[in-house]
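Presented below is the structure to which this report refers.
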Amino acid sequence: MSDPESRAPDFIRTIVAEELAAGKWGGKVITRFPPEPNGYLHIGHAKALCVDFGLPLEFGGRCNLRFDDTNPTKEETEYVEAIMQDIRWLGFDWGEHLYFASDYFEQLYQWAVQLIKDGKAYVDDLTADETREHRGTLTEAGKASPYRNRSVEENLDLFARMRAGEFADGTKTLRAKIDMASPNINLRDPVMYRIRHAAHHRTGDKWCIYPMYDWAHGQSDSIEGVTHSLCSMEYEDHRPLYDWFVEQLPIHHPRQIEFARLNVTYTMMSKRKLLQLVNDGVVAGWDDPRMPTLCGLRRRGYTPESIRDFTDRVGVGKTYNLIQIELLEHCLREDLNKRAPRVMAVLRPLKVVIENYPEGKVEELDAVNNPEDAAMGTRKVPFARELWIEQADFMENPPKKYFRLAPGAEVRLRWAYIVKCTGVVKNARGEIVEVRCTYDPATLGANPTDRKIKGTIHWVAAQTARPAEIRLYDHLFVSPKPDEVEDWKSQINPNSLERVSGYVEPSLADAAPGNRYQFERTGYFCVDPDTKPGNLVFNRTVSLRDTWGKIEKQEG
RNA sequence: UGGGAGAUGGUGCAAUGGUAGCACGACUGACUCUGGAUCAGUUAAUCAAGGUUCGAAUCCUUGUCUCCCAGCCA
């Protein structure tokens with residue numbers, strides 16, 4: 001991961017550094033990460049997490065985890081548990097500072113009463129439709145509700161009775177009295193409370209009125225002593241309201257700063273649409289390895305380090321961005337290249353028989369676990385007369401520049417001998433079912449001096465191989481911007497998951513779920529939790545860069 | 001056509017009046033018992049037009065384009 005000191009400071013860190021240098025905020029930075037517990041965290045949240053938690057890490061201070069649970073009809077405990085797990089996995093710690101906006105409901109209520117007393121809020125009887133009609137449009141001012149000038153006493157009485165449950169859902173709201181003619185629609189008497197006779201995941205049936213985001217968020221920030229309330233660009237229009245609410249009370253005033261959210265090609269961040277993918281069975285769940293959710297990426301085999309590195313490289317700005325998924329994959333490969341042990345696995349098996357190798361003989365050959373890290377040592381891999389190789393590593397009529405096995409051609413078997421193809425066996429349909437070879441006993445750990453062997457292929461000895469289910473993933477969507485297509489579901493990639501039955505070397509027999517490996521020459525894989533004793537399941541995390549594949553593509 | 005924000009290589013981020021740089025991608029080549037990794041190199045950008053200035057991505061003017069806002073969602 002990049003050194004924080006070497007990174008160019010983004011505009012937020014520049015602002016904070018200047019403020020601190022000027023003696024503001026008492027020299028410490030307090031931020032908050034405020035998820036709504038109505039879905040799972042995704043890669044976009046990872047960026048926000050890195051910004052929110054990264055700032056106090058750099059300047060001193062802390063980041064609170066506060067659940068923004070002000071809407072009981074959408075929120076569930078299942079989500080809060082999952083969100084906490086994902087944040088910890090990514091590597092961030094909120095210490096003792098776990099909060100819920102619902103913890104502040106009483107204080108929020110008391111402050112609302114104060115606003116009513118000050119003539120700055122009123123109870124409105126307009127229906128939702130009427131409220132919309134009164135709000136005006138982007139170009140026309142709104143008009144005042146007929147209830148806008150109720151007396152303080154009447155407002156106090158009505159608000160207390162709203163809380164007491166005397167009124168049905170949707171019949172009354174508490175509104176801030178600001179300016180129905182404001183060019184900023186957020187300031188046209190925004191709703192502060194609505195009536196919802198619904199059980200809340202934490203407060204149960206204690207409340208039947210719930211605060212709106214704008215009212216709850218800034219006041220919650222203030223209660224927690226937050227200095228910098230970092231959020232995405234769409235809240236820029238809300239900042240005047242955020243400021244207005246905290247200024248009406250003699251309380252601490254945090255600074256809201258907005259930055260552009262993360263977008264990545266071939267996926268989407270909409271929680272609503274991701275939920276739909278889950279509900280429609282397009283994916284197997286929130287943690288399906290094709291999902292951009294943190295739990296999906298985790299199951300896929302992504303490392304938290306690679307995700308943090310990615311968010312570092314993406315930067316923080318105010319410009320709309322669409323990051324190419326290749327950058328994420330690059331960060332992943334770079335990380336895994338250093339730490340993933342190498343093993344051999346054959347995804348699409350083709351039988352090879354070495355005619356001059358004794359039947360029944362098995363040799364234990366030495367293989368290096370990671371050429372990038374000698375400390376990872378070596379292991380033994382069994383070699384025998386019958387092997388599995390990759391179907392793609394043999395061609396009966398090879399094109400030029402094909403360095404693998406073909407009739408009459410020689411190839412190095414990784415960590416083993418050089419073999420030469422002597423012929424093939426075909427079935428009744430003319431398909432190749434077996435490749436016949438001879439091996440050169442002098443080439444174990446040594447290269448021949450009379451000829452140059454360009455190709456090396458991986459293999460698994462048939463009699464000691466372990467069968468495995470291997471799940472190969474591709475982008476969930478065929479379009480780089482699936483969100484921008486009218487019918488986004490039409491962009492779902494029908495081939496985003498392919499299951500193959502392959503063979504892995506015996507050292508993997510007891511591989512534990514979550515373990516990550518490089519299958520030499522094919523990619524990085526991790527053991528899926530679906531793995532049971534004797535039934536190995538691997539997910540392809542990401543393929544290796546494939547220069548040959550590129551050449552093939554170019555030449556048709 | 002109200003308000004807010006933003007425009008730098010294909011993508012993302014820097015340069016805050018003084019040589020437009022870094023990363024990913026793409027393309028060459030070297031090396032290699034992974035067609036991986038690594039190494040070397042190439043490609044390619046300041047939204048437009050005026051103005052200020054010795055000098056402008058940066059300052060001024062005008063224009064263009066993009067995004068966000070009319071939930072009792074967050």
Side-chain angles (χ1 to χ4, degrees), chain A residues 2 7-10 14 34-36 38 68-71 73-75 124 126-129 131-133 135-142 169-175 182-188 190-196 209-210 212-214 216-217 231-240 258 260 265 271-272 313-324 326-331 333-334 337-338 342 344 368 371-372 401-404 411-416 418 443 445-447 453-458 480 518-523 543-551:
Chain A
S2 62
R7 267 182 295 155
D10 55 67
T14 302
E36 183 187 11
N38 69 342
D68 233 329
D69 54 349
T70 56
N71 185 353
T73 61
K74 289 186 175 177
E75 298 153 6
D124 197 350
L126 256 30
T127 64
D129 284 346
T131 303
R132 189 183 322 117
E133 285 161 17
R135 189 153 32 227
T137 68
L138 295 177
T139 53
E140 300 163 47
D169 287 5
T171 57
K172 282 182 167 50
T173 57
L174 183 75
R175 292 230 258 163
S182 173
N184 182 344
I185 291 177
N186 296 119
L187 264 17
R188 319 240 263 229
V191 172
M192 295 170 66
Y193 279 91
R194 74 286 215 188
I195 302 174
R196 285 266 185 289
I209 58 171
Y210 290 92
M212 296 288 290
Y213 165 85
D214 287 299
H217 200 90
C231 58
S232 47
M233 291 302 291
E234 67 261 33
Y235 291 100
E236 207 155 25
D237 287 337
H238 294 246
R239 182 159 21 100
E258 312 83 16
T265 55
K271 275 201 268 184
R272 199 192 94 245
R313 297 195 199 208
V314 153
V316 180
K318 291 165 79 86
T319 315
Y320 170 86
N321 62 76
L322 180 62
I323 310 295
Q324 296 172 328
E326 287 80 0
L327 179 60
L328 213 210
E329 294 175 341
H330 166 82
C331 294
R333 291 191 184 104
E334 189 174 81
N337 178 47
K338 287 180 297 194
R342 272 61 171 171
M344 291 197 286
V368 171
E372 303 290 321
K401 289 197 284 186
Y402 184 83
F403 303 148
R404 287 115 95 157
V411 75
R412 159 75 64 183
L413 293 175
R414 182 72 158 157
W415 309 123
I418 288 171
T443 56
N447 278 323
I453 308 301
K454 287 208 78 170
T456 299
I457 65 173
H458 59 279
Q518 185 197 100
F519 288 0
E520 291 214 39
R521 300 208 310 131
T522 52
S543 64
L544 249 29
R545 288 188 66 230
D546 182 9
T547 309
W548 171 248
K550 213 177 289 179
I551 294 170

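Proteins get letters first, then strands, A, B, ... in listed order; numbering begins at 1 in each.
- Distance check on atom P: rU62(B) versus rC72(B) gives 37 Å, rounded to whole Å.
- In this structure, H458(A) does not reach the rU34(B) phosphate: none of its side-chain N or O atoms is under 4.0 Å from OP1 or OP2.
- Between the CZ atom of R239(A) and the C1' atom of rC68(B) there is a distance of 13 Å, given to the nearest Å.
- Contact annotation for P371(A): base contact, defined as any heavy-atom pair under 4.0 Å involving a base atom.
- In this structure, Y402(A) reaches the bases: a heavy-atom distance under 4.0 Å links it to at least one base atom across the strands shown.
- Taking side-chain N and O atoms only, T70(A) has a distance below 4.0 Å to OP1 or OP2 of rA74(B).
- Residues P240(A) and N184(A) come closest through the heavy atom pair CG-ND2, 3.7 Å.
- A sub-4.0 Å separation between OP1 or OP2 of rU34(B) and a side-chain N or O of R412(A) is absent.
- Stacking annotation: W548(A) is stacked on the base of rG35(B) (ring centroids less than 5.5 angstrom apart, interplanar angle below 30 degrees).
- Across all strands shown, A416(A) has heavy atoms under 4.0 Å from base atoms, whether or not it also approaches the sugar-phosphate.
- Between the side chain of R404(A) and the base of rG35(B), at least one donor-acceptor pair of N or O atoms lies under 3.5 Å.
- Y193(A) comes within 4.0 angstrom of nothing in the nucleic acid, heavy atoms only.
- To the nearest angstrom, P of rC73(B) lies 15 Å from OH of Y213(A).
- Residue K271(A) places no side-chain N or O under 4.0 Å from the OP1 or OP2 atom of rA74(B).
- Among the atoms of the strands shown, only primed sugar atoms or phosphate atoms (P, OP1, OP2) are found under 4.0 Å from some heavy atom of N71(A).
- Neither OP1 nor OP2 of rG71(B) sits under 4.0 Å from any side-chain N or O of R188(A).
- Checking rA74(B), rC33(B), rG3(B) against every side-chain atom of D237(A), the shortest atom distance belongs to rG3(B).
- Between T171(A) and I195(A), the closest heavy-atom pair is OG1-CD1, 4.0 Å.
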Between K74(A) and E36(A), does a salt bridge (Lys or Arg N to Asp or Glu O under 4.0 Å) hold up when you go through it step by step? CA-CA 9 Å; K74(A) 289 186 175 177; E36(A) 183 187 11; 5.5 Å; no
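- In this structure, R521(A) reaches the rG35(B) phosphate: one of its side-chain N or O atoms is under 4.0 Å from OP1 or OP2.
- Glycosidic conformation of rG71(B) is syn; the angle stays within 90° of 0.
- Spacing between atom CE of M212(A) and atom P of rC72(B) amounts to 6 Å, rounded to whole angstrom units.
- A donor-acceptor contact closer than 3.5 angstrom is absent between the side chains of R196(A) and N71(A).
- Of all the heavy atoms in R188(A) and R175(A), the pair that sits closest is O-NH1, 3.5 Å.
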Could you encode protein contacts along nucleotides 11-18 of chain B as a string, one character per nucleotide from 5' to 3', using B for base contact, S for sugar-phosphate-only contact and - for no contact, with a heavy-atom cut-off of under 4.0 Å? SSSS----
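- Separating the CG atom of D546(A) from the C1' atom of rG36(B) is a distance of 10 Å, rounded to the nearest angstrom.
- Atom CD1 of I457(A) and atom P of rU34(B) are 13 Å apart (whole Å).
- Note on R135(A): a side-chain N or O is less than 4.0 Å away from OP1 or OP2 of rC72(B).
- Contact annotation for G445(A): base contact, defined as any heavy-atom pair under 4.0 Å involving a base atom.
- Using a 4.0 Å heavy-atom cutoff across all strands shown, H238(A) reaches at least one base atom of the nucleic acid.
- Here L187(A) lies out of heavy-atom contact (under 4.0 Å) with every strand.
- Side-chain nitrogen and oxygen atoms of R342(A) include none within less than 4.0 Å of the OP1 or OP2 phosphate oxygen of rU34(B).
- Among the heavy atoms of the strands lying under 4.0 Å from E372(A) is at least one base atom, whether or not backbone atoms are also near.
- In terms of phosphate contacts, R545(A) brings a side-chain nitrogen or oxygen within less than 4.0 Å of OP1 or OP2 of rA37(B).
- Aromatic ring orientation, Y235(A) versus Y213(A): tilted (interplanar angle from 30° to 60°).
- Computed from coordinates, the N184(A) CG to rC68(B) C1' distance equals 11 Å when rounded to whole Å.
- OP1 or OP2 of rG36(B) has at least one side-chain nitrogen or oxygen of T547(A) nearer than 4.0 Å.
- Across the protein-nucleic acid pair, K454(A) atom NZ and rC33(B) atom P stand 11 Å apart, rounded to whole Å.
- In this structure, E36(A) places its CD atom 5 Å from C1' of rA74(B), rounding to the nearest Å.
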Each base of RNA chain B marked ( ) or [ ] if paired in-strand (Watson-Crick or G-U under 3.5 Å), | if paired to another strand and . if unpaired gives .((((((..((((....[..)))).(((((.......)))))....(((((..]....))))))))))).....
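- At the heavy-atom level, L544(A) lies under 4.0 Å from base atoms of the strands shown.
- Among the heavy atoms of the strands, none lies under 4.0 Å from E329(A).
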